[in-house]
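Notes for the one structure printed next.
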Amino acid sequence: MAQVSNFSLLFHSFSLFKPTTPTLQLRSLFTVLSSSSSKRRRPLHRRTTTTTTTISPPMEVGFNRKRAEGRDNNDSSKKNLHLKVRKLNPINTISYVQILGTGMDTQDTSPSVLLFFDKQRFIFNAGEGLQRFCTEHKIKLSKIDHIFLSRVCSETAGGLPGLLLTLAGMGDEGMSVNVWGPSDLKYLVDAMRSFIPNAAMVHTKSFGPNFSTDESSVLSQNKLLDPIVLIDDEVVKISAIIVQPNCIDHKLSMPSNSPTHERTDHSPETLDSPNGRKQPAVKPGDMSVVYVFELPEIKGKFDPEKAKALGLKPGPKYRELQLGNSVKSDRQNIMVHPSDVMDPSIPGPIVLLVDCPTESHLEALMSVQSLASYCGQVGNQPEAGKSVTCVIHLSPASVVSCSNYQKWMKKFGSAQHIMAGHEKKNVEIPILKASAKYATRLNYLCPQFFPAPGFWSLPNCAKLGSLASSEGSELSEVISAENLLKFTLRPYSHLGLDRSCIPSTMASSEIIDGLLSEIPEVVEAAQHVSQLWQKSSLTKEDSIPAADYKMMVEEPWLCADGVPACLENVRRDDLEMVLLGTGSSQPSKYRNVSSIYINLFSKGGLLLDCGEGTLGQLKRRYGVSGADNAVRALRCIWISHIHADHHTGLARILALRRELLKGVPHEPLLVVGPRQLKRYLDAYQRLEDLDMLFLDCKHTTASSLAAFEESSLGTPIDSQDPKNNNRESIAPKVDSTLFARGSHMQSLSRRPGSPIDKDAVSPILKKFKEVIHEAGLKALISFPVIHCPQAFGVALQAEERSNSVGKVIPGWKIVYSGDTRPCPELVEASQGATVLIHEATFEEAMVDEAIAKNHSTTNEAIEMGDSANAYRIILTHFSQRYPKIPVFDESHMHKTCVAFDMMSINLADLPVLPKVLPYLKLLFRNEMVVDESDDVVDAIASVS
């Protein structure tokens, strides 16, 4: 690949590709579209003068060099984050537990539980989508004091990295939060250090057993299951009981009495059992936790009449009695005790949170002696211990339905049981109501690009909907959890279930009726959109076959009608691009973070970036079973850079694929990403097996792949060179990139490309080429871009094919920019692209912010596509300032479209794509304002 070192030559050529704007003839609808476009939104900040903006020709594009090099002085890793210490209110007027229904509709993550007090908030489990859920339902993240994990895995902790980063970016000082979990939390923290500042994790606290081979530290199971007190103040006492699978003899060191950061890293592969045979050792990720919340008792009321009868005068002695102290009577020679003048105290409510993921854990759970005191009786003795008020079950239906589990539940007498595991009855009730409404409106206007959400059959709904109705159950106080269901703890007079916050269900017909009432013109707009496809179909039928054309156009990849040759005779099952997440920085009410699903149908699929919530978005698009099939069929996942909004959904996808293919012959999934990502994945795999094969993006650049081909042709891959003359033969060409020695941008990399260990990389590259070929691709090529160290874009090139008369039809070419400033490598990689998917984080008026953060504006993204002669440009990765539709210059949109979450673009529909944009803008004509809410302003201050 030729080295490009001069920006001036590149951007001087932009003026050669100024587009002409076609006139839209929309009859009576034209006036409506014009009026909607005139309502411009004001920018959040005024544009300021900077020394790095564009200057007169020869033109250069500004960028933040320090940020690109990873030396940004505003890096949050240097902050001392603020941990709030709140003054507690021991007399709480309000307290409750509430189900936060993350994952209820998509079955992809564990629901969270909120324990609420006037002055404190506790959240239990932080699965993917928690941030977005809290934004939707106005649950202030800044009010959260503690996060507890019932297990340390992607299902319960997938949303934790993004949550910590969001808190770290709030306000001037940033915020931190206490994070609690069993001792394997250490492994998650170690993994997150690859991309999260240490300051955001200094308050992580682990508890329970260490992993050790020391014979003297072997624990009995009973000792292991003793409660560990985590918090004990005047408001609440929270204890944890460790539960581990009862399948082996555990070799664990003694748990400490207090939480600690220090944990040994050693986890043995096998241990000796009493019968002398080797058995698999317990490993990190196996531990589960039962949490116990105990509120203080409510003291009885003081009865002044009883005090007077016992000879007490009103005064300080009344106060002493209320404090629990005995006093001497003023008129009688007796001692007056608190019980003589106080009504009986009311025991404080007790809540159990139970996460029993497998039947092996169930065996251990049933042996927990420390829970006996909460069961209403001790042994056969009638005298009661502490009475449990409510039990919240996060256990899956497969465990809950076991007879032993139901017997265990009966021990808690009249306690209210809330089944919050994955209940099948909840899958058709959208948890993110605002985005579901948004998707329904888009589907009405343009069902071709916005298919209806995936609905799936529920054959086992009646069987699994509620334990109370299941065969053999005798429990009457059992209900299925619903989103935002509360159980009130204080005031005592309201003790019990509270359904007032449960969102009402809304049929799609109601949403459409509201749309038609709000924007009557949308009916005509939907008809126009439908006609676009009819006209496109007629054009194809009436046109002369491309084989008969004399190609009299400048670009050989274009047919005479301006449509790329690769679209000739294209089938609808060739390619579909699904924009799963189109927002930046953090999930928002209407846009999830970055992810693109490349659906190759019978040939599998690829993911380009995999931000938090990617799996949930797949399930909203294809349904639970459809998304599972898509995950099974994945060929490769490609990650652009290490920022959290682009990869924190990866572990959940990989873990699910491993589970889906358990027992089925398969190969590890290929993950291509920057080298920092490998450090994260390697550390994370100590928690759960991700069943993947990693390849550094730098090994998939054009120069690296060419060097690999040359090396493979010259020397067999498995040959040994005793003189080691060929081991680093790839290295010189790997450095021939944007960051190579002597290039204009060399200093943007921390160091030049390091030499490749050929023996280690070659087998993976060989596997990479096999995977790409099986997916029907000719090439997958990464290229460096300007954003942060080790940031890349990617180009996908399909194989050529032949039509019915034997004519060779070129393959399509899809280019994804990742996060970047305009740069020559991107233009070069995008030459002649069928589709360029380009980030457009900011509007043109915020170019200074774009430079500071090394992002692009909408106009810059379009100019990049024009310069590369891309056929279609799709803008994505919008700042969360723009809640629904971004600000853009309509005069340059003739081959461009704005992306929305769940937008599904079939290759065959590309000719129509830009024509739909004016109608989409009509849909949001009453909502084109910049979101300036406190949460959004805080979040965008730390945009990645």
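- Within 6.0 Å of NE2 on His773 lie no more than 12 heavy atoms contributed by other residues, nucleotides or ligands.
- For Val593 against Pro587, the heavy-atom pair with the smallest separation is CG1-N, 3.5 Å.
- In this structure, Ser595 and Cys610 approach most closely via the heavy-atom pair OG-CA, 4.1 Å.
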Evaluate the criterion side chain to side chain donor-acceptor pair (under 3.5 Å) for residue pair Thr700 and Trp638; output intermediate values, then yes/no.
CA-CA 11 Å; Thr700 62; Trp638 182 91; 4.9 Å; no
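- Rounding to the nearest 0.5 Å gives a distance of 5.0 Å between CG of Asp105 and CZ of Arg620.
- Side-chain atoms of Asn599 and Tyr622, non-hydrogen and from C-beta on, do get closer than 4.5 Å to each other.
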Test Glu774 against Lys603 for salt bridge (Lys or Arg N to Asp or Glu O under 4.0 Å), laying out the working first.
CA-CA 7 Å; Glu774 291 169 359; Lys603 295 178 182 178; over 6 Å; no
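- No donor-acceptor distance shorter than 3.5 angstrom exists from the side chain of Thr876 to the backbone of Ile874, with no hydrogens or angles considered.
- The salt bridge (charged side-chain N to carboxylate O under 4.0 Å, His left out) test applied to Asp696 returns no partner, not counting sequence neighbours.
- Nearest heavy atom pair, residue Thr582 against residue Ala899, reads CG2-CB, 3.8 Å.
- In this structure, CZ on Phe450 lies 15.5 Å from OH on Tyr444, to the nearest 0.5 angstrom.
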Using the side chain to side chain contact (heavy atoms under 4.5 Å, CB included) rule, take Leu579 and Asp901 through it: C-alpha gap first, then chi angles, then the decisive distance, then the call.
CA-CA 6 Å; Leu579 285 301; Asp901 278 19; over 6 Å; no
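- When each of Leu606, Asp609, Leu654, Thr614 is tested with Ile637 by the rule side chain to side chain contact (heavy atoms under 4.5 Å, CB included), just one qualifies, namely Leu654.
- Judged by distance alone, the side chain of Glu136 and the main-chain N or O of Lys433 form a donor-acceptor pair under 3.5 Å.
- Aromatic pair Trp812/Tyr871: centroids not less than 6.0 angstrom apart.
- Side-chain atoms of Gln131 come within 3.5 Å of backbone N or O of Gly162 as a donor-acceptor pair.
- Leu690 is listed as a side-chain neighbour of Leu681, based on a closest heavy-atom distance under 4.5 Å.
- Ring to ring, Tyr405 and His393 are close: their centroids are under 6.0 angstrom apart.
- The minimum heavy-atom distance between Cys402 and Leu362, with the atom names listed, is CB-CD2, 4.2 Å.
- Counting only N and O atoms by type, the side chains of Arg652 and Thr109 include no donor and acceptor under 3.5 Å apart.
- Between Asp628 and Leu656, the closest side-chain pair of non-hydrogen atoms falls below 4.5 Å.
- Ion pairing of Arg151 with Glu155 is present here, as a side-chain N (NZ or NE/NH1/NH2) and a carboxylate O approach within less than 4.0 Å.
- Of all non-hydrogen atoms in Ser112 and Gly127, the two that sit nearest each other are OG-N, 4.3 Å.
- For Ser395 (side chain) and Cys356 (main-chain N/O), a donor-acceptor pair under 3.5 Å exists by modelled atom type.
- No more than 12 heavy atoms of other residues, nucleotides or ligands shown are found within 6.0 angstrom of CZ on Arg571.
- Once rounded to the nearest 0.5 Å, the distance linking CZ of Phe783 with OG of Ser817 reads 7.5 Å.
- In this structure the side chain of Asn483 never reaches within 4.5 angstrom of the side chain of Ile99, judged on heavy atoms.
- Residues Leu693 and Lys767 form a side-chain contact, since some pair of their non-hydrogen atoms from C-beta on lies under 4.5 Å apart.
- Expressed to the nearest 0.5 Å, how far OG of Ser782 lies from CG of Leu705 amounts to 8.0 Å.
- Two residues are said to be in side-chain contact when any heavy atoms from C-beta on lie closer than 4.5 Å; Tyr816 and His838 fail this criterion.
- Here the CG-CG distance, from Leu160 to Leu188, works out to 6.0 Å after rounding to the nearest 0.5 Å.
- Geometrically, Arg591 engages Phe900 in a cation-pi contact defined by less than 6.0 Å to the ring centre and at most 45° from the axis.
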How far apart are the C-alpha atoms of Glu568 and Asn803, what are their side-chain angles, what is the distance that settles it, and do they pass the side chain to side chain donor-acceptor pair (under 3.5 Å) test?
CA-CA 8 Å; Glu568 179 185 343; Asn803 64 9; 3.1 Å; yes
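- Counting only distance, with no hydrogens or angles, the side chain of Glu688 and the backbone of Gln685 share no donor-acceptor pair below 3.5 Å.
- Defined by atom type and a distance below 3.5 Å, a donor-acceptor pair is present between the side-chain atoms of Asp691 and His666.
- In this structure, Arg441 contributes its side chain and Ile512 its backbone to no donor-acceptor pair below 3.5 Å.
- A 4.5 Å side-chain heavy-atom check between Leu100 and Leu484 finds at least one atom pair inside the cut-off.
- In this structure, the side chain of Asp645 does not engage the main chain of Ser594 through any donor-acceptor pair within 3.5 Å.
- In terms of modelled atom types and a separation under 3.5 Å, the side chain of Arg872 and the main chain of Pro914 share no donor-acceptor contact.
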Please test His699 against Leu765 for side chain to side chain contact (heavy atoms under 4.5 Å, CB included), starting from the C-alpha separation and ending with a verdict.
CA-CA 8 Å; His699 301 330; Leu765 281 171; 4.2 Å; yes
For Leu432 and Arg132: C-alpha separation, side-chain torsions, deciding distance, then whether side chain to side chain contact (heavy atoms under 4.5 Å, CB included) applies.
CA-CA 8 Å; Leu432 302 174; Arg132 196 176 185 194; 3.6 Å; yes
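- Each of His647, His646, His641 was evaluated against His643; a single residue qualifies, His641, per the ring-ring contact (aromatic ring centres under 6.0 Å, His included) test.
- Side chain of Gln617 to main chain of Met902: no donor-acceptor pair is present (N/O by atom type, distance under 3.5 Å, no hydrogens or angles).
- In this structure, the side chains of Val794 and Leu780 come closer than 4.5 Å at one or more pairs of heavy atoms.
- In this structure, the separation between OG on Ser435 and NZ on Lys589 is 10.0 Å, given to the nearest 0.5 Å.
- Ring to ring, Tyr680 and Phe195 are close: their centroids are under 6.0 angstrom apart.
- In terms of the side chain to side chain donor-acceptor pair (under 3.5 Å) criterion, His137 has no residue partners (sequence neighbours excluded).
- Side-chain polar atoms of Asn125 and Ser150 form a donor-acceptor pair below 3.5 angstrom.
- No donor-acceptor distance shorter than 3.5 angstrom exists from the side chain of Glu576 to the backbone of Leu907, with no hydrogens or angles considered.
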For side chain to side chain contact (heavy atoms under 4.5 Å, CB included), just list the numbers for Thr102 and Glu128, CA-CA rounded to whole Å, side-chain angles, deciding distance to a tenth of an Å, and then say yes or no.
CA-CA 8 Å; Thr102 53; Glu128 290 188 27; over 6 Å; no
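- The two atoms that bring Ala795 and Lys813 nearest to each other are CB-CE, 4.5 Å, heavy atoms only.
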